[in-house]
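What follows is one structure encoded as structure tokens, with my remarks underneath.
Predicted model only: the values in this text are computed from it and were never measured. Here is how names work: the chains are called A, B, and so on, in the same order as the sequence lines, proteins then strands, and each is numbered from 1.
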4 protein chains.
Amino acid sequence: MQSRSPTGRAGRAGRPRSAAADTAILAATRAALVELGWSKLNLGDVAARAGVAKTTLYRRWPGKNELVVDAVAELFDELELPDRGSLAADIEGVVRQFAAILERPEARSGLMAVVAEATRDDALRARIRALIVDRQKRLVREGRARAQRRGELPAERDARQAARVVDLIFDMVAGAVVHRTLVSAEPADEDWARGFTRVLLCGLFDTGTPGDRR
Amino acid sequence: MQSRSPTGRAGRAGRPRSAAADTAILAATRAALVELGWSKLNLGDVAARAGVAKTTLYRRWPGKNELVVDAVAELFDELELPDRGSLAADIEGVVRQFAAILERPEARSGLMAVVAEATRDDALRARIRALIVDRQKRLVREGRARAQRRGELPAERDARQAARVVDLIFDMVAGAVVHRTLVSAEPADEDWARGFTRVLLCGLFDTGTPGDRR
Amino acid sequence: MQSRSPTGRAGRAGRPRSAAADTAILAATRAALVELGWSKLNLGDVAARAGVAKTTLYRRWPGKNELVVDAVAELFDELELPDRGSLAADIEGVVRQFAAILERPEARSGLMAVVAEATRDDALRARIRALIVDRQKRLVREGRARAQRRGELPAERDARQAARVVDLIFDMVAGAVVHRTLVSAEPADEDWARGFTRVLLCGLFDTGTPGDRR
Amino acid sequence: MQSRSPTGRAGRAGRPRSAAADTAILAATRAALVELGWSKLNLGDVAARAGVAKTTLYRRWPGKNELVVDAVAELFDELELPDRGSLAADIEGVVRQFAAILERPEARSGLMAVVAEATRDDALRARIRALIVDRQKRLVREGRARAQRRGELPAERDARQAARVVDLIFDMVAGAVVHRTLVSAEPADEDWARGFTRVLLCGLFDTGTPGDRR
DNA sequence: CATTAATCGAGACGGTACGTCAAGTCTTGCA
DNA sequence: TGCAAGACTTGACGTACCGTCTCGATTAATG
């Protein structure tokens with residue numbers, strides 16, 4: 001998925017690419033990210049850790065940015081949305097999972113850096129959307145559908161409206177957790193997740209006692 | 001404010017630092033950020049643009065990271081919170097202003113990059129908090145106080161609770177706008193701002209027709 | 001000879017070093033020495049003249065000192081000792097040749113400078129001895145052997161004594177020419193060479209009319 | 001002597017220059033030369049050691065080269081030529097004294113370096129001649145006159161011839177000691193001094209048993 | 001089963017930017 | 001005015017990575 005195939009139609013003649021190398025390189029990238037952080041990360045070091053030549057790495061990825069997107073994207077594939085019985089519980093659960101990933105240094109260092117690079121690189125931005133953003137929106141879609149099945153949320157008027165709502169919620173949830181964790185640099189712990197979920201579901205105008213609606 | 005004072009007690013002996021240089025350097029930094037972006041930004045170029053020697057720059061800032069934090073921080077000082085008559089209108093206004101800043105390439109490139117670097121640099125994180133985060137929380141505090149005066153929001157139980165709410169709202173607003181703009185890479189336009197404000201104030205459970213409560 | 005070989009056993013793996021680069025760099029060093037002199041000589045300029053990256057230069061030589069020793073050493077390899085029929089004529093010949101080399105600006109600037117640096121750098125001193133001093137002592141040894149074959153000089157008692165005499169003569173000849181040329185800054189012309197040779201062979205006590213013994 | 005006087009006639013107006021400063025600066029230069037050597041020597045450090053501002057230093061000397069010539073020249077003024085009873089003994093004595101000075105790091109590092117610089121700087125070359133070369137030729141002149149008084153050496157035909165001989169002997173003695181000490185990097189000890197003196201006085205053709213003529 | 005064509009390791013290559021250091025000048029304020 | 005302090009411009013330093021290249025040595029699938 002993440003590496004371009006060497007030929008247009010099919011890997012015809014010649015020695016085929018080592019499948020193990022891809023795995024080793026991505027793992028080495030994460031390891032290097034942990035030790036060195038984004039700015040000191042260098043592809044020569046990654047190649048050495050993976051037991052691979054620098055040329056092998058450049059044959060498969062265009063550069064540092066794309067490599068790190070791929071390496072970080074795999075982290076977010078761990079996210080799951082088990083049914084915790086209510087929308088509030090589901091949200092709190094995914095917020096805590098997301099926060100846990102963002103505690104890991106390989107995610108912290110890498111994620112914001114590639115987003116920063118993506119502000120000036122359309123292809124990179126597309127890659128991030130495809131491998132991280134769009135892929136994790138499944139969580140919002142699934143949680144929303146489940147809540148609608150439970151009757152907690154109304155159905156949307158149409159598909160366009162549904163997509164807009166999913167996008168908005170994703171930006172609100174992911175944005176708040178990322179901002180709390182990386183910009184404000186405070187832990188997104190259980191208390192914070194509960195407060196956040198309350199506002200997200202009931203709004204700031206809500207005056208009810210905590211826990212009444214869940 | 002952003003530059004270290006040259007002496008511990010008082011700038012007594014020797015030639016004093018040129019005050020104009022600071023201004024020129026920060027402006028040059030933003031200009032270079034627009035043209036080159038974070039990753040191609042180099043201090044030699046910044047120094048040349050500012051009409052200043054590279055050593056002068058290094059005498060005043062420890063490095064690229066701190067320089068960019070200072071340069072970007074000035075951008076956010078433009079944010080204002082004029083009274084638009086209702087909390088909803090105030091939020092929409094500040095969201096649109098914030099989004100407008102994040103459209104500017106010097107902010108886009110710089111902000112996420114320094115946040116990324118700050119994940120491995122405590123001093124840098126502190127600098128970001130002091131110059132950007134804590135400074136802009138004034139907007140949340142002011143908006144909240146104004147809404148309480150209008151009777152739109154209840155008063156907090158105590159100061160600790162108030163601070164927690166301010167922090168939460170700041171992360172939710174800033175996080176959502178940043179994520180929408182930089183990660184999802186979609187415009188935070190008027191429509192989006194309205195939808196966001198609605199959810200923030202009324203929550204996802206809200207079923208009222210749009211506009212009833214504002 | 002002057003560049004370190006990249007591998008211990010044999011230059012096997014990896015791209016081999018360009019052989020032409022060594023030649024180009026040493027020639028560029030001499031050219032830069034002529035134009036700029038030692039103190040203004042800089043490796044960036046040398047690299048540019050040689051059409052080579054600065055890193056290539058640093059990969060092969062530790063620094064300016066060693067590079068200049070190698071570049072200057074090649075100049076002295078031009079020295080020859082053709083048989084002019086008598087020891088006096090041979091000495092005058094080599095003195096004039098040596099003086100001619102020291103007229104050249106690349107030798108003038110470089111030689112004394114590296115000797116100066118070598119006063120605080122053992123490795124550099126060893127390099128000078130190996131590439132310049134010991135290499136040119138061949139001239140003294142050869143001239144002495146030839147004079148002994150002619151019967152002009154007696155044979156030494158033993159090898160140790162021979163080595164001491166060779167060292168002494170080398171220091172006297174080279175020292176006098178260098179001092180005349182660079183310190184006193186007077187030309188070591190034919191007249192001077194004749195006077196010097198007379199004293200070296202006959203001593204200050206000699207009272208004979210010039211030319212009687214040759 | 002070595003510093004230019006600030007005004008044409010007398011240091012009249014304004015604060016007069018501190019006389020102690022000159023002494024302190026030259027001493028500091030030698031101290032820095034011992035610790036750092038020529039190439040690492042820097043005028044900021046010298047100024048600090050001398051308890052003087054860098055500007056003061058530049059007001060009195062044009063630069064590093066001239067400063068070091070002055071500092072080193074003072075060392076050679078220590079040379080003396082006590083009457084040891086014979087020309088051979090006088091020469092051996094001065095050779096040993098000269099060698100002793102060249103053992104001192106401040107002389108080793110500085111002397112060759114300024115000679116190297118002087119190859120491209122006429123004013124510097126003149127300064128070296130005036131302060132070092134010409135000044136120490138007094139030793140040769142005095143030794144020669146003494147030997148003539150003793151009857152060891154004949155008188156010259158005329159003054160021009162006398163000057164040529166003095167120059168030649170000076171270059172031979174100083175050149176040999178410098179070359180032995182700094183280029184060959186061997187000690188100019190008592191043995192070497194005796195061998196050198198023998199050759200200088202009797203020549204290489206001499207076959208007599210050592211010591212017969214002294 | 002030999003050929004063939006791409007991949008692999010290693011490492012040199014031309015570049016660019018780094019952050020530091022020294023040279024020499026300029027600008028203060030004090031004596 | 002001389003002087004100490006120290007900021008200033010300039011420019012080289014030596015290092016580290018960048019992404020490309022040139023090698024000789026493996027490897028499969030093809031012929």
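- Across all strands shown, C:G63 has no heavy atoms under 4.0 Å from either base or sugar-phosphate atoms.
- Applying side-chain hydrogen bond (donor to acceptor under 3.5 Å, both in side chains) to B:S39 and the options A:R120, A:E117, A:K64 leaves one that passes, A:E117.
- Between F:dC3 and D:R60, a contact under 4.0 Å exists linking OP1 or OP2 to a side-chain N or O.
- In summary, C:R49 and C:D45 engage in a salt bridge, as defined by a charged side-chain N under 4.0 Å from a carboxylate O.
- A donor-acceptor contact under 3.5 Å is not formed by the side chain of D:T55 with the base of E:dT25.
- Atoms OH (B:Y58) and C1' (E:dT20) sit 9 Å apart, rounded to a whole Å.
- Between the C1' atom of F:dC18 and the CG atom of A:L43 lies a distance of 8 Å, rounded to the nearest Å.
- Residue B:V52 places its side chain closer to F:dT9 than to any other of E:dG19, F:dT9, E:dA12.
- Comparing F:dC3, F:dA5, F:dT15 by their closest approach to the side chain of B:A13 singles out F:dA5.
- Closest-nucleotide positions on DNA chain F for C:K40 and B:A21 were compared, and the one nearer the 5' end corresponds to B:A21.
- For C:N42 and F:dT10, the CG to P distance is 17 Å, given to the nearest whole Å.
- The side chain of C:T56 places an N or O atom within less than 4.0 Å of a non-bridging phosphate oxygen (OP1 or OP2) of E:dG14.
- F:dC13 atom P lies 10 Å from atom CG of C:L57, rounded to whole Å.
- One finds no side-chain N or O of C:R17 lying less than 4.0 angstrom from the OP1 or OP2 phosphate oxygen of E:dG11.
- For the pair D:D45 and C:A19, nearest-nucleotide mapping onto DNA chain E gives the more 5' position to C:A19.
- Here the side chain of C:N42 pairs no donor or acceptor atom with the backbone of C:G44 at under 3.5 angstrom.
- Side-chain to base pairing of B:K54 with F:dG11: no donor and acceptor N or O lie closer than 3.5 Å to each other.
- Rounded to whole Å, the distance from CG on D:L41 to C1' on E:dC21 is 14 Å.
- Between A:R15 and F:dT26 there is no side-chain N or O to OP1 or OP2 distance below 4.0 Å.
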